[in-house]
Amino acid sequence: MGFADQRFNVNLSILFTELPLLERPAAAAAAGFTAVELWWPWIDTPTPERSELDALRKAIETAGVRLTGLNFYAGRLPGPDRGALSVPGEESERFRANIEVAAGLAESLGCGALNALYGNRVDGVDPAEQDTLALENLVLAARAADRIGAILLIEALNRPESPLYPLVSAPAAVEVVDRVNAATGLGNAKFLMDLYHLSMNGEDLPAVIERFAARTGHVQIADNPGRGAPGTGSLPLEDLLDRLRKAGYDGWVGLEYKPGDRPSAESFAWLPTETRAAR
C-alpha cells in the first residue's frame with residue numbers, strides 16, 4: 001500500500017498561494033493532480049459577486065481538475081478566526097448568508113463535501129449559548145449539503161494553535177457530528193480527520209483511526225512538527241494512511257501542508273508524479 005494507493009487532492013488555500021487564486025487550479029494540474037479543495041476563498045464576504053464565483057468556477061473547469069472539498073465562510077482564515085457558525089451576531093448571520101452560496105458553488109462543480117468550522121469561544125458569552133447556535137446553523141448547513149448530495153464535515157483543530165476553539169480532540173468533533181445527525185435524521189454529517197491537528201493535540205492516532213475511521217468523511221495531512229510536506233517531520237503518515245485504508249476509509253486525502261521557502265510545485269517530491277492523479 002502506501003502513498004501510491006491514496007486519492008490525494010491539493011488544498012489551494014495553503015499550497016500554491018504564491019499565485020493568484022484563479023491561477024492555482026492550473027498549477028495543481030500542471031503538477032499532476034486532478035483534484036483540489038479550498039477554504040472559503042473570500043474571507044471578507046460570505047456572498048461574493050456572481051462574477052467572482054463564475055471566474056473561480058471557470059478556472060477550475062478550464063484546469064480540468066475536480067473540486068472535492070469546500071469550506072463554508074469561516075471568517076478570517078488564515079488569520080485569527082476559526083469559523084463563524086457559533087459566534088453570535090454578525091458572524092453567525094454571515095455564515096447563514098453563505099450556506100446557499102457555498103452549496104451552489106459546490107453543486108455546480110460536483111463537489112461532494114462542505115466543511116463547517118465551528119468557531120472560537122467568545123468572551124462573555126455562555127458556551128452553552130454558542131453550542132445551541134452552532135447546532136442550529138449546522139442543521140441548516142447539513143440540509144443544504146444534503147440537497148446537493150454532499151456531506152457536511154466537522155473538523156477538530158489543535159489547542160496550541162487554536163486555543164479558543166472548543167473542538168480540539170477527535171471525540172469532541174465526533175460528538176458534534178452525532179448531535180447534527182440526530183437533529184436532522186440525514187446521517188450526512190461526518191468527521192474531518194486532520195492528522196496534523198490531532199497529532200498536535202497529542203492524540204493516539206492509531207487508536208483514533210481504529211475508533212473513528214467509519215465516521216470519517218475526509219482526511220487531511222501535514223507532517224509534524226512544522227506542518228510541512230510528508231517527510232519533513234516525524235509523523236508516520238504513510239503508515240497512518242495505510243491504517244485508514246485497512247479500517248475501511250477509501251475517501252480523499254487532502255494535502256494541507258505548508259510548502260516552506262520554495263515554490264509549492266517543488267514540495268511534492270515525496271509523491272511520484274505518476275501517482276498524483278486521482279484514481
Aromatic contact, Trp42 with Phe72 (centres under 6.0 Å):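 That pair fails the under 6.0 Å test.
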Taking atom types as modelled, find out whether [X] and [Y] have a side-chain donor-acceptor pair closer than 3.5 angstrom.
X	Y	answer
Asn115	Asn71	yes
Asn201	Ser169	no
Glu91	Tyr73	yes
Asp131	Tyr118	yes

Asn188 (side chain) donor-acceptor with Ile151 (main chain) under 3.5 angstrom: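 The answer is no, because no donor-acceptor pair under 3.5 Å joins these two groups.
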Enter the distance from [X]:[atom1] to [Y]:[atom2] here, rounded to the nearest 0.5 Å.
X	Y	atom1	atom2	value
Thr68	Asn9	OG1	CG	3.5 Å
Ser162	Leu117	OG	CG	9.0 Å
Glu175	Leu167	CD	CG	9.0 Å
Leu192	Arg215	CG	CZ	14.5 Å
Leu22	Glu52	CG	CD	9.0 Å
Asp204	Glu210	CG	CD	9.0 Å

Atom CD of Glu274: over 12 foreign heavy atoms under 6.0 Å: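 Yes, the 6.0 Å shell around CD holds more than 12 heavy atoms from other groups.
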Trace of the side-chain hydrogen bond (donor to acceptor under 3.5 Å, both in side chains) decision for Gln220 with Trp252: CA-CA 8 Å; Gln220 291 174 333; Trp252 295 99; over 6 Å; no
side-chain contact (heavy atoms from CB on, under 4.5 Å) evaluation trace for Val253 with Leu241: CA-CA 9 Å; Val253 177; Leu241 293 179; 4.1 Å; yes
